[in-house]
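Report on one structure; see the data block that follows.
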Number of protein chains: 2
Amino acid sequence: MPSDTKARIQAVARELFAEQGVRNTSLRQISDRLGITKPALYYHFASRDDLVRSIVQPLIDDHDRFVTARAPGDPRELLEDYFEMIWRHRQVLVMVLNDLATLGQLDLTDRLFDWRRRLVGLLLGADVTQEQRIRATVALGGMSDCAVEYAGRPIEEVKPTAVQAAAAALGL
Amino acid sequence: MPSDTKARIQAVARELFAEQGVRNTSLRQISDRLGITKPALYYHFASRDDLVRSIVQPLIDDHDRFVTARAPGDPRELLEDYFEMIWRHRQVLVMVLNDLATLGQLDLTDRLFDWRRRLVGLLLGADVTQEQRIRATVALGGMSDCAVEYAGRPIEEVKPTAVQAAAAALGL
DNA sequence: GTCTATAAGAAGATAGAC
DNA sequence: GTCTATCTTCTTATAGAC
């Protein structure tokens, strides 16, 4: 059985990135916490960027899938599913929110806007007024904040109320 | 008349910090964009931290004032005033959201939680259920997101809808 | 107030032994 | 797979001339 060092590196990196930001975390801190040396990291990842990317990629893929492979439908159900998705990725979400600078490096800023636009489309249809867009920002942004602020609690404690508040913000 | 270099340094630093994060910005980039040299910065600020602090301090002071020097009252009015305050500081807000790692250095994380707690108190009174706290996170977090996402637009275009959506999220 | 020059350290990354 | 040793580059910060 092959070693799981690669996965352990990612786990520690995720922790540190979420704690103190991506740019703020050095390879040395990661290797120190793992009890290995810096060069050992380079056996598993081609570069620092490669490591960061490998951690953020699942969140990117899930978002892409969510906004493409989905037909417009019950807004309430969409809010619920969306909440569950951001909840699954809440640790990386904390990390990404804490270090938007990283987003630039990973072309995430454009993606974020595109996701938001498509989500609003799925929620409210093709023709959206500026007012509806702002309401959607409150709803979706507010839910993301919940995933971050209550990251340590069980989802059943957070999701129902967060979804209901988001629905109310949308005027549903 | 004394030079305004200090203020110009702060303006450029604010720009760069908001664009690419605090940690991601070096003194060299700041001095380069200003057309001066790095050591010149040290004439105006004792250290890098001193510069960062001087930029974030107004936001801190305004928040402190808002949550202390205010009596509980009409929630709607409080939402409006709160929106106006975060709107005034939206550039620094972008910067702070983009680099939460900085918050740790400035003890902002604890402050943020305290502000949120007091705002919820002002909005909903002393006894708050967990459900109300989550609704408040959607409302206040959603409004902050608006100040960031629509930072380039005139406030009259954003505020009324954002406040209304936040009020709906709170169940008002 | 701003400069040149430089110190002192930490970062990412690589070479080569084991 | 992981190590020691090292390279290069970039950072914050200081000394001292003008």
Side-chain angles (χ1 to χ4, degrees), chain A residues 1-57 95-96 98-108, chain B residues 1-57 95-96 98-108:
Chain A
M1 137 174 159
S3 101
D4 61 341
T5 308
K6 185 163 183 167
R8 295 200 303 126
I9 292 171
Q10 289 173 318
V12 166
R14 235 191 316 269
E15 268 176 43
L16 286 169
F17 288 165
E19 267 173 40
Q20 52 186 9
V22 175
R23 186 71 187 199
N24 217 1
T25 302
S26 67
L27 295 183
R28 187 177 144 72
Q29 288 178 293
I30 296 172
S31 59
D32 275 4
R33 186 174 287 198
L34 269 166
I36 62 176
T37 58
K38 224 177 6 162
L41 300 178
Y42 282 89
Y43 177 83
H44 300 278
F45 298 95
S47 67
R48 188 184 188 278
D49 252 38
D50 188 39
L51 169 57
V52 174
R53 197 172 293 267
S54 82
I55 286 176
V56 182
Q57 202 60 48
M95 161 192 146
V96 152
N98 288 6
D99 204 338
L100 259 181
T102 315
L103 306 197
Q105 291 165 19
L106 295 173
D107 288 332
L108 265 183
Chain B
M1 135 173 159
S3 101
D4 61 340
T5 307
K6 184 163 183 169
R8 294 200 303 127
I9 292 171
Q10 290 173 319
V12 166
R14 236 192 315 271
E15 268 176 42
L16 286 170
F17 287 165
E19 267 174 39
Q20 52 186 14
V22 175
R23 185 71 186 198
N24 217 1
T25 301
S26 67
L27 295 182
R28 186 175 146 70
Q29 288 178 292
I30 296 171
S31 59
D32 275 3
R33 186 174 287 198
L34 268 167
I36 62 175
T37 58
K38 238 184 339 172
L41 300 179
Y42 282 89
Y43 177 83
H44 300 279
F45 298 95
S47 66
R48 190 183 188 279
D49 251 37
D50 188 38
L51 170 57
V52 174
R53 197 172 293 267
S54 82
I55 286 176
V56 182
Q57 202 59 48
M95 161 192 144
V96 152
N98 289 6
D99 204 338
L100 259 181
T102 314
L103 305 197
Q105 290 165 22
L106 295 172
D107 288 331
L108 266 183

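In the text below, chain A, chain B and the rest are named by the order of the sequence lines, each starting its count at 1. Keep in mind that this is a model prediction, so the values were computed, not measured. FYI, side chains are in, hydrogens and waters are out, and symmetry mates aren't considered; it's all heavy atoms of this structure.
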Heavy atoms from other residues, nucleotides or ligands near CZ of A:R8 exceed 12 (cutoff 6.0 Å):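 Yes.
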Partners passing side-chain hydrogen bond (donor to acceptor under 3.5 Å, both in side chains) against A:S54 (at least two apart in sequence or in another chain):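 A:S54 satisfies side-chain hydrogen bond (donor to acceptor under 3.5 Å, both in side chains) with A:Q10 only.
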Integer-rounded Å distance: [N] [atom2] and [X] [atom1]:
X: B:I30; N: D:dC10; atom1: CD1; atom2: P; value: 17 Å
X: B:L41; N: C:dC3; atom1: CG; atom2: C1'; value: 13 Å
X: B:F45; N: C:dG1; atom1: CZ; atom2: P; value: 12 Å
X: B:N24; N: D:dT11; atom1: CG; atom2: P; value: 10 Å
X: B:Y43; N: D:dA13; atom1: OH; atom2: C1'; value: 18 Å

Close side-chain approach of A:V52 and A:I55, heavy atoms under 4.5 Å: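 No - every pair of side-chain heavy atoms lies 4.5 Å or more apart.
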Side chains of A:M95 and A:V56 in contact at under 4.5 Å (non-hydrogen atoms):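 The answer is yes, as the side chains (C-beta and beyond) meet within the 4.5 Å cut-off.
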Option passing side chain to side chain contact (heavy atoms under 4.5 Å, CB included) with B:L41 (candidates B:D50, B:L51, B:I36, B:T5):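 Testing each of B:D50, B:L51, B:I36, B:T5 against B:L41, the sole residue satisfying side chain to side chain contact (heavy atoms under 4.5 Å, CB included) is B:I36.
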Least distance between heavy atoms, A:R28 atom then A:S31 atom: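 Answer, listing the atom of A:R28 first, then A:S31: O-OG, 3.0 Å.
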Options D:dG1, D:dC3, C:dT2, nucleotide nearest the side-chain atoms of A:H44: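 Given the options D:dG1, D:dC3, C:dT2, the side chain of A:H44 is closest to D:dG1.
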Contact under 4.0 Å: A:T5 side-chain N or O vs D:dG1 OP1/OP2: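 Checking A:T5 against D:dG1: no side-chain N or O falls below 4.0 Å of OP1 or OP2.
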N/O (side chain, A:T37) to phosphate O (OP1/OP2, D:dC3) under 4.0 Å: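 Looking at the OP1 and OP2 atoms of D:dC3, one of them is under 4.0 Å from a side-chain N or O of A:T37.
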Please list, for nucleotides 11-13 of chain C, all pairs of protein and nucleotide N/O atoms separated by less than 3.5 Å.
from: C:dA11; atom 1: OP1; to: A:S26; atom 2: OG; distance (Å): 3.2
from: C:dG12; atom 1: OP1; to: A:R48; atom 2: NE; distance (Å): 2.6
from: C:dG12; atom 1: OP2; to: A:L27; atom 2: N; distance (Å): 3.1
from: C:dG12; atom 1: N7; to: A:K38; atom 2: NZ; distance (Å): 3.1
from: C:dA13; atom 1: OP2; to: A:Y42; atom 2: OH; distance (Å): 2.8
from: C:dA13; atom 1: OP2; to: A:R48; atom 2: N; distance (Å): 2.8
from: C:dA13; atom 1: O5'; to: A:Y42; atom 2: OH; distance (Å): 3.2

